[in-house]
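Report on the following structure.
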Amino acid sequence: MSWLDIIRMAIHNLRRRPFRTILNLLGIVLGTVMVLMTMAGSEGVKHALHSVLESSDFTRKVIARRTSKVSEEDLDQSRWKISQPMSAARRERMEESLKKFLLEEKRKTDGRYRQINQETLKQFGELHNVIEVVPQLRVNFKLSMGEFDQTIYGEGVSPKVSGLNERIVSGEMLTASDRNGILIHELMAYRMGCVTQQELDALVGTEVVCSFKTSGKPNQLASALTAIEGGDLQKLVSQNPLILGFIKQLGGNVDNLRSLTDEQKQLLRKSIGSFGESDSPQPPVVERRFKIKGVYHSIAEDNLFDLFSQLRFDSKRPVLFHYETATDLQVDVGGIKEFYSATLHVDRFAHVKQVEDDLGELGYDTFSARSMIERIDNRISRISRVIYVVALIILVVTGIAISNTLIISVMERTSEFGIMKSLGARDNQIVGLMFVEGALLGAVGAVLATLASLLIGMFGQSLVRDYVEGRVNEQVSGEMFMFSPWATLVALMVSVLLCAVASVIPAWRAARLDPIVAMRKN
Amino acid sequence: MLLIVEFVWGAYRVIRCKKVSKTYGSALNRVVALDQLEIQIDSLEKVAIVGRSGSGKTTLLNLLSGLDRPTSGSLSVNGMDLGQLDSAAMADYRLKTVGVVFQSFQLISQRTAAQNVELPLIIAGEPAEVRAKKVSQSLRKVGLGDRANHFPYQLSGGEQQRVAIARAVVKQPRVMLADEPTGNLDSKTAAEIMQLLMQICENEALTLVLITHDLELAGKYTDRQLVMDDGKLIETKSGQNGTVAASVDCP
């Protein structure tokens, strides 16, 4: 019996029992579609997210932070080495915990930092694949425009790579040479009385006066607080009313601190001079005039970019300056020579890891969206794995069901196999026939499953696209379901193999039938 | 000289049954279906195995058709010792040497008349065009050239048996075995089937072994009638009318 004849006979047998064949096919199609759609969906969503994220400025940014210079080598071994008797495992755990604790303590009190200053920024700028380095600049000042007069915070941005272009509601984005322009947040514009679009448009081009405090004499308390909070003294004090209240109260009552010497009282009075109602002279104020170039908005709250909270601009620092202007204001006017962090703009997302490694070698901690994207990828992969397992269970259950129905089929066709054997069919031909029937079911099921998957993919494309676009507030290009030819081939092979394996037991039973007994059932 | 005569005579004998026994069951409930049976059937001979139910005639047919093996003794058909054949060789024997017609037709209900007749040719691995030609010829021989695409349930009992005869003949066997071929048919149809069977055996030069309980039918259509009882051959009758009788091998 040739294989072609066996296949023809198997097709004939499957066609003569349409209901059973359809039920078997349904099981195979369901399992295979789940496997295919999981593979295609996870690949597609991953790819779509990457295409959105990697094309965004957010994902090409790396934040380098000022870090403590204190390392394990600075710790005295005798402080963390444990000599008392205990198990080796516990000693290892305890020493590790102790080392971490001591390191943390030392970092808090040591005050030695790898600073980020103009020199460091230059060093960062020379790293491979870095196109721009923007220091984190936070300046506070009083903004006056007509009757509006308020102390607020500002921040420096790079016109080239800020990612703000899409978020201008009125006016336009700052240009690279625009040192005297500012952008203001739409909430601030609202507080300034601009409600309608016309009013916002009218605001653009208006000149505002910004008053900055210049640096005073060296302030020891300010330095100490700066050291603790990483340089942002104003933020520390403004966000902690208790500290502000304490300093103000202390300012008037230094004399009552009996434990201090006169010299110490004098030093303390000088230190808190800038905060308290002391007699110390106020530092001079510098006024600068800026033109409002545009009004911008925050990213919506349900946006995926919320994940990158450290990389966005929002209403907390409503005025944005060109970062070089902000550097002048912070360094020259404010007298703060060092920055808490700097944002490095990398040319391509693929180079972000390299830049992070380079910064790590220089001794700086880094933050970027890369780890976030890796986490998203891992999560998608984890979910996919679970779905794969479910799909495989469905396929295996289908395989068992197919095996079961093929056994029933053998029982039903007992006389048929008996007749075939009486006519001279060999055992291996009967096995081959059943085996091919199973494999055919698997192959037809797999082909149908592929077609069904492609159709579902086609119709589901827009649904998933809408969902993803809704989540990331970005237009997503490319396919949401990516059917890799190899993965599809593997899924098809698994389906065929599973059904063929499922037919082994029924085939063996059919071949073992005694033809005399079998024919009696006819 | 004697050796030459023995050789020629041996070749002339298609079926040789020497002290063949067949038992079923275990030691406690042992049933002896055939007991030291001795039969010899010559080429082109038409022999009937006659006996009442339980006499062992169907067991003998199962052994001759290669569906079962003797417990002891030697059974050779067309020079092949069936007791010595392995499973594959036995399948080949069933395919090429014997054609069997059963009382209950044994047609596959899911296949048409032509597809049923084609089945042994498919098993033999014949090419499709050869198969089509042979199937068509066989169906014409049994007078069913126009019913090729009918399923068994669309055919009468006589027609179904004709399909079974066509299926047995299509593989061009040496021996035709017929187990009560008219048992399920009315007398008129039975006579037609028997005439067809005889005609085909004549035309195709087949040796016929007919299993029946009907001594009259056996006497009418066969050259020799072997009467069995309790697994033994008790009587041999010769002649088309069964009038000449010779008792042989009686215990």
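A, B, ... follow the sequence lines: proteins, then strands. Residue 1 opens every chain.
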Best-contacting candidate, B:Met90, B:Lys96, B:Gln115, against chain A by heavy atom pairs under 4.5 angstrom: B:Gln115
From OG (A:Ser2) to CD1 (B:Ile122), nearest 0.5 Å: 8.5 Å
Nearest-0.5 Å distance that lies between atom CG in A:Asp514 and atom CG in B:Asp68: 7.0 Å
Heavy-atom contact with chain B under 4.5 Å, split by part of A:Arg413: neither
Proximal component of A:Gln429, with respect to chain B [non-hydrogen, under 4.5 Å]: side chain
For [X], I'd like to know if atom [atom1] has over 12 heavy atoms of other residues, nucleotides or ligands within 6.0 Å.
{"X": "A:Met458", "atom1": "CE", "value": "yes"}
{"X": "B:Leu85", "atom1": "CG", "value": "yes"}
{"X": "A:Arg512", "atom1": "CZ", "value": "no"}

Verdict with supporting geometry, A:Arg15 and B:Gln110, side-chain contact (heavy atoms from CB on, under 4.5 Å): CA-CA 10 Å; A:Arg15 284 180 59 194; B:Gln110 305 289 333; over 6 Å; no
Over all atoms of both residues, closest heavy-atom pair of [X] and [Y]:
{"X": "B:Lys171", "Y": "A:Leu423", "result": "NZ-O, 3.7 Å"}
{"X": "A:Ala425", "Y": "B:Ala91", "result": "O-CB, 4.1 Å"}
{"X": "A:Asp427", "Y": "B:Ser87", "result": "OD2-OG, 4.1 Å"}

Student check: side-chain heavy atoms of B:Leu67 and A:Lys421 closer than 4.5 Å: no
Side chain to side chain, B:Arg167 and A:Ile419, heavy atoms closer than 4.5 Å: yes
CA sep, side-chain torsions, deciding dist, call: B:Arg111, A:Arg16, side-chain contact (heavy atoms from CB on, under 4.5 Å): CA-CA 9 Å; B:Arg111 302 176 74 85; A:Arg16 296 302 301 178; over 6 Å; no
Side chain to side chain contact (heavy atoms under 4.5 Å, CB included) against B:Glu204, all qualifying residues, sequence neighbours excluded: B:Lys141, B:Val169, B:Ile200, B:Leu206
Test log, rule side-chain contact (heavy atoms from CB on, under 4.5 Å), inputs A:Asp5 and B:Arg131: CA-CA 12 Å; A:Asp5 288 325; B:Arg131 291 201 307 254; 3.0 Å; yes
Residue part contacting chain A, namely of B:Phe102, when any heavy atom lies under 4.5 Å: side chain
A:Arg426 and its side-chain contact (heavy atoms from CB on, under 4.5 Å) partner, picked from B:Ile123, B:Asp92, B:Leu95: B:Asp92
